[in-house]
Amino acid sequence: MGYILDLFTPETWARFCESEGKVSGFRSGQSKLAHRRVKIGDVFLCYMTRLSRWCGILEVESAPYWDDTPIYDDPDPFVVRFRVKPLVVLDPEHSIPIRHEVLWNHLSITKEHKLGSSTWTGSFRGSLRILTAEDGAYIEQCLQEQQRNPIAYALTEKEKREFEGIVKLSTEGGEVGVVAHPTDNHDDSTDEQTQGQSSKLSVQMQAKVAQIGAVMGHQVWVPKRDRTAVKELTPNGLLNSFAESLPMNYDPPTMGTIEEIDVIWLDGGYMVRAFEVEHTTAIYSGLLRMADLLALQQNIGIRLHIVAPSERREDVFKQIKRPAFARLGKRALSKECTYLSYEAVDELAGNEDLEYLNEGVVNKYAESAEDH
């Protein structure tokens, strides 16, 4: 028997509980993982994102199958499904916060991290992650005890806002969840020394993203304003991968937007991935460029990413879900732009087989706002 992570948002957990509670679903892109990792008799340990709480135990009763009957949304994106037997199902106020000492100090995925930090969140990038037997058994034990002898963990004001702030907008591409009153926790009050250090870190991450693309065999675009600084951090053997001009002929507004994006990977003259690095600047500045690109070129085929420190993770998701970004034709930004933590970029850069991989491997490390 294995223990497998099953992520829910507060909204999808509510819909699971409102349904018969006998089906857990995953996105179509997780089909291979579902078939490879999950077996009948395994246990899904349910974790509620945004609230960061463990909320349930589901026993897997079937092999994966495809079904788009609406459960979690309409149309429903969670079409790779398993029949499950609910063993523990907790409401939000009785779900166990991961930051509670009963969990934090005992789990391998958190105990080495400072309480209150976000550096542990890389373990929760996506569903279907296999948990260690020790962690899984301990979480299972805690959830079972919570069901037998429930303790209320009152929602904080911030957690209450997570419920109150999500609204649905109808778009050409269907309903999209948006944050009605997003705030950006960016602080402009940092001193010059701190700003200088932050700028250096931002350029270092920009260079690392560019180098990953170059090692994979892509031509790489970096804006002229940053190119010299990025090249200084790049091994000589990769310098020929930097494009001096963009090999495309869009209209001037589109070209002006593209040329300002922090890093672009190119393949045969086509853009395949675009990255905005947001270390301390307001997150929506990078998102505006991404949104402008989608608005100007509705049919452009490119994957978009915001790269930011793990402590800005929740801000990224909130900003992506701004109502203004939900109505870009059929391409809501929350469906097109994903988040990459610095830790995820470091992990990818350290892959010994990087030169043999293609750009699709980025999807393994990226996190979607739709899941948070």
Working for side-chain contact (heavy atoms from CB on, under 4.5 Å), residues V60 and K85 = CA-CA 7 Å; V60 178; K85 177 182 179 181; over 6 Å; no
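- Of all heavy-atom pairs spanning V277 and Q206, the tightest one is CG2-CA, 4.0 Å.
- At distances below 3.5 Å, at least one donor-acceptor pair connects side-chain atoms of H106 with backbone N or O atoms of V102.
- Under a 3.5 Å cut-off, the side chain of N149 and the backbone N or O of Q146 do not form any donor-acceptor pair.
- A donor-acceptor contact shorter than 3.5 Å links the side chain of D76 to the backbone of I71.
- At a threshold of 4.5 Å between side-chain heavy atoms, the hydrophobic network of Ile, Leu, Val, Met, Phe, Trp and Tyr places L143 and I151 in one connected group.
- Counting all heavy atoms, side chain and backbone alike, L348 lies closest to L354 at O-CD1, 3.8 Å.
- A donor-acceptor pair under 3.5 Å links the side-chain atoms of Q147 to the main chain of L87, judged by distance alone.
- A salt bridge is defined here as a Lys NZ or Arg NE, NH1 or NH2 lying under 4.0 Å from an Asp or Glu carboxylate O, and R273 with E359 meets this definition.
- Between the SG atom in C337 and the CZ atom in R303 there is a gap of 11.5 Å [rounded to 0.5 Å].
- Counting only distance, with no hydrogens or angles, the side chain of R313 and the backbone of S341 share no donor-acceptor pair below 3.5 Å.
- Sequence neighbours left out, the pairs with a member in residues 226-236 that pass salt bridge (Lys or Arg N to Asp or Glu O under 4.0 Å) are R227-E244, K231-E244.
- Put simply, the side chain of H305 reaches to within 4.5 Å of the side chain of V362, judged on heavy atoms.
- Summarising the geometry, atom CD belonging to E134 is positioned 8.0 Å from atom OG belonging to S108; distances are rounded to the nearest 0.5 Å.
- For Y339, the ring-ring contact (aromatic ring centres under 6.0 Å, His included) criterion is met by F317, not counting sequence neighbours.
- With a 4.5 Å cut-off on side-chain heavy atoms, F26 and D6 count as touching.
- Here F78 pairs with Y72 under the ring-ring contact (aromatic ring centres under 6.0 Å, His included) rule; sequence neighbours left out.
- Put simply, the side chain of I4 does not reach to within 4.5 Å of the side chain of L45, judged on heavy atoms.
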Hey, mind stepping through L128 and L5 against side-chain contact (heavy atoms from CB on, under 4.5 Å) and telling me if it holds?
-> CA-CA 5 Å; L128 300 179; L5 181 65; over 6 Å; no
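- Residues passing the side-chain contact (heavy atoms from CB on, under 4.5 Å) test with K22, sequence neighbours excluded: E20.
- The side-chain heavy atoms of P92 and L51, taken from C-beta on, include a pair separated by under 4.5 Å.
- Salt bridge E11/R50: present, at least one basic N to carboxylate O contact under 4.0 Å.
- With sequence neighbours left out, P86 forms a side-chain contact (heavy atoms from CB on, under 4.5 Å) with L58, V89.
- In this structure, the side chain of N105 does not engage the main chain of K111 through any donor-acceptor pair within 3.5 Å.
- Looking only at distances, no side-chain donor or acceptor of T12 sits under 3.5 Å from a matching main-chain atom of F8.
- Between the T234 side chain and the V230 main chain, a donor and an acceptor come within less than 3.5 Å of each other.
- Heavy atoms only, all atoms of each residue included: V361 and M216 are closest at CG1-CE, 3.4 Å.
- Using a 4.5 Å cut-off on side-chain heavy atoms (C-beta onward), S95 and L90 make contact.
- Under a 4.0 Å N-O distance rule, the pair D262/R225 qualifies as a salt bridge.
- In this structure, R15 does not pair ionically with E18, as no charged nitrogen and carboxylate oxygen lie closer than 4.0 Å.
- Distance check: C55 SG to Y47 OH gives 10.0 Å after rounding to the nearest 0.5 Å.
- Grouping the Ile, Leu, Val, Met, Phe, Trp and Tyr side chains by contacts below 4.5 angstrom, directly or via other members, places M255 with I261.
- Listed for the W104 side chain is a donor-acceptor partner under 3.5 Å among the backbone atoms of H113.
- With rounding to the nearest 0.5 angstrom, the SG atom of C142 is 9.5 Å from the CD1 atom of I57.
- The shortest side-chain heavy-atom distance between Y153 and R53 falls under the 4.5 Å cut-off.
- Atom OH of Y65 has more than 12 neighbouring heavy atoms from other residues, nucleotides or ligands inside a 6.0 Å radius.
- Grouping the Ile, Leu, Val, Met, Phe, Trp and Tyr side chains by contacts below 4.5 angstrom, directly or via other members, places I40 apart from V23.
- Between H218 and W265, the angle of the ring planes stays under 30°, which puts this pair in the parallel group of the 30/60° scheme.
- The two residues V84 and G21 have their closest heavy-atom pair at CG2-O, 4.0 Å.
- By the 4.5 Å heavy-atom criterion applied to side chains, V307 and E276 are not counted as neighbours.
- Remark: side-chain polar atoms of R83 are not paired, donor with acceptor, to backbone N or O of S62 under 3.5 angstrom.
- The closest side-chain heavy-atom distance from V263 to V220 is below 4.5 Å.
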Could you go through the side-chain contact (heavy atoms from CB on, under 4.5 Å) check for V203 and K200 one step at a time?
-> CA-CA 5 Å; V203 172; K200 184 177 180 180; 6.0 Å; no
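- Taking all atoms of both residues into account, the shortest heavy-atom contact from R129 to R37 is CA-NH1, 3.8 Å.
- The CG atom of L340 sits 11.5 Å away from atom CG of D346, with the distance rounded to the nearest 0.5 Å.
- Interatomic distance, CG of L304 versus OG1 of T338, reported as 8.0 Å (0.5 Å rounding).
- Taking the ring-ring contact (aromatic ring centres under 6.0 Å, His included) definition, one finds that H94 meets it with nothing, sequence neighbours left out.
- Centroid-to-centroid, the aromatic rings of F44 and Y3 stay 6.0 Å apart or farther.
- Counted by atom type alone, S28 and S31 present zero donor-acceptor pairs between their side chains at under 3.5 Å.
- L103 approaches P97 most closely through the heavy-atom pair CD1-O, 3.8 Å.
- Salt bridge annotation for E278-R312: absent, with no cationic side-chain nitrogen under 4.0 angstrom from a carboxylate oxygen.
- Aromatic ring centres of W221 and F242 lie farther apart than the 6.0 Å criterion allows.
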Apply side-chain contact (heavy atoms from CB on, under 4.5 Å) to the pair V272 and L266, showing each step before the final yes or no.
-> CA-CA 6 Å; V272 293; L266 300 152; over 6 Å; no
